[in-house]
Amino acid sequence: MARSKELVPGVGRLSRSQVFTKRGLYKGIKKSDKPAGEEPAATKEKAVGGAKNGEKRVIPTVKAPRYYPTEDVRQPKKSRKSHNPPGLRSSITPGTVLILLAGRFRGKRVVFLKQLESGLLLVTGPYKANGVPLRRVNQAYVIATSTKLELPGFTVDEKINDAYFAKTSTKGARSAEEEFFEDGKPKAKETFPATKAADQKQVDSAILDAVKKTPDLVKYLKSTWGLSKGQYPHQLMF
Amino acid sequence: MPESNFKRFVEVGRVVLVNDGPLAGKIAVIAEIIDHNRAIIDGPTSGIPRQSFPYKHLLLTPLKLTKLPRAAGTGIVRKLVEQEGIVEKWDKSAWAQKRVMKEKRRSLSDFGRFKVMLAKKQRRDVVRKAVKKASA
């Protein structure tokens, strides 16, 4: 609000559009003109039935709106800000054993693999050890332990990204009846895709090899975490 | 005079455990009694500089320097403490060892606690089997 002297704190003398004019930034905008293609015709001819109707009529291609607002409707300002994905907590590195705190697998101890583009953490049980599949979790709902697996040379396949976990969207309106029933009977469960099962196995084989190097670590991953009487998470070391 | 039930007294030469403040957990010797609230303590071998300290934050240990004169300086305290091996005696005591154990347990990681649980289970199993065998 350099040009627009403040009347009271937060309110300038000039409006947003006045400031825009004064700043004159629009003058500097370089525009590249598109090659002028053929303009779509504003009107078209249409054949009309009926003897007295003159056979054809010229009508506009785009109909004029039937409704105009009586008052100007203010357009909300578009924000050009976007959220950046959160950074990774320093205590979490590939191979770190995490404790899940929320969701279906709360209390389970899992192995962290990598952070995905959305900022979510890619973890695996491994599935064979404790039933937790390849899964995305929010690092806010996770306790990082100081236990780490040595995973030299281990990389997660590039295809396992956020899109890999996205649900397949079904376009169009579908009734709930259709969704759950078939021929008057509940629909048969969809089988887990074989490709995903293979991916799980491939990732877990490397992880399990690393886990087996430390005695009792498999047992540790199999067990669940919880607090007993007199234990407070802020006083515990992980 | 009838025998007192008390075994440990606030006296010159008494070894005390500091129970509060940044020096908590270290031992020192009472060098001089200031009043009924404070004493001058000194722990040259355990890292406690000579200072006045309230009794409230001290715990009396069963250990004592036998021949410490009143208001002895740090040099004499150090000499006597080393002569009588106070620090070694303290470290060997059940009290000190229990403190060390507690600290160790507290600083265990989640996996460490799990391993302790497994070890305890194993011990329990051995004991139960032995008891069963003995009572049969």
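Just so we're on the same page: letters track the sequence lines, and every chain starts at 1. We use all heavy atoms of the structure for the numbers below, so side chains are in, but hydrogens, waters and symmetry mates are not.
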Go through the steps for A:Leu98 and A:Ile143 under the test side chain to side chain contact (heavy atoms under 4.5 Å, CB included), then give the verdict.
CA-CA 6 Å; A:Leu98 306 176; A:Ile143 294 176; over 6 Å; no
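Interface check for chain A: of the options B:Arg106, B:Arg113, B:Lys115, the most heavy-atom pairs under 4.5 Å are formed by B:Arg113.
Taking OG1 of A:Thr145 as the reference point, atom CZ of A:Phe112 lies at 12.5 Å (rounded to 0.5 Å).
In A:Arg89, the CZ atom is crowded: over 12 heavy atoms of neighbouring residues, nucleotides or ligands sit closer than 6.0 Å.
Under the 4.5 Å side-chain criterion, counting only non-hydrogen atoms from C-beta, B:Lys120 is in contact with B:Arg123.
Both the backbone and the side chain of B:Phe111 come within contact range of chain A, with heavy atoms under 4.5 Å apart. Heavy atoms of B:Leu118 lying under 4.5 Å from chain A belong exclusively to its side chain.
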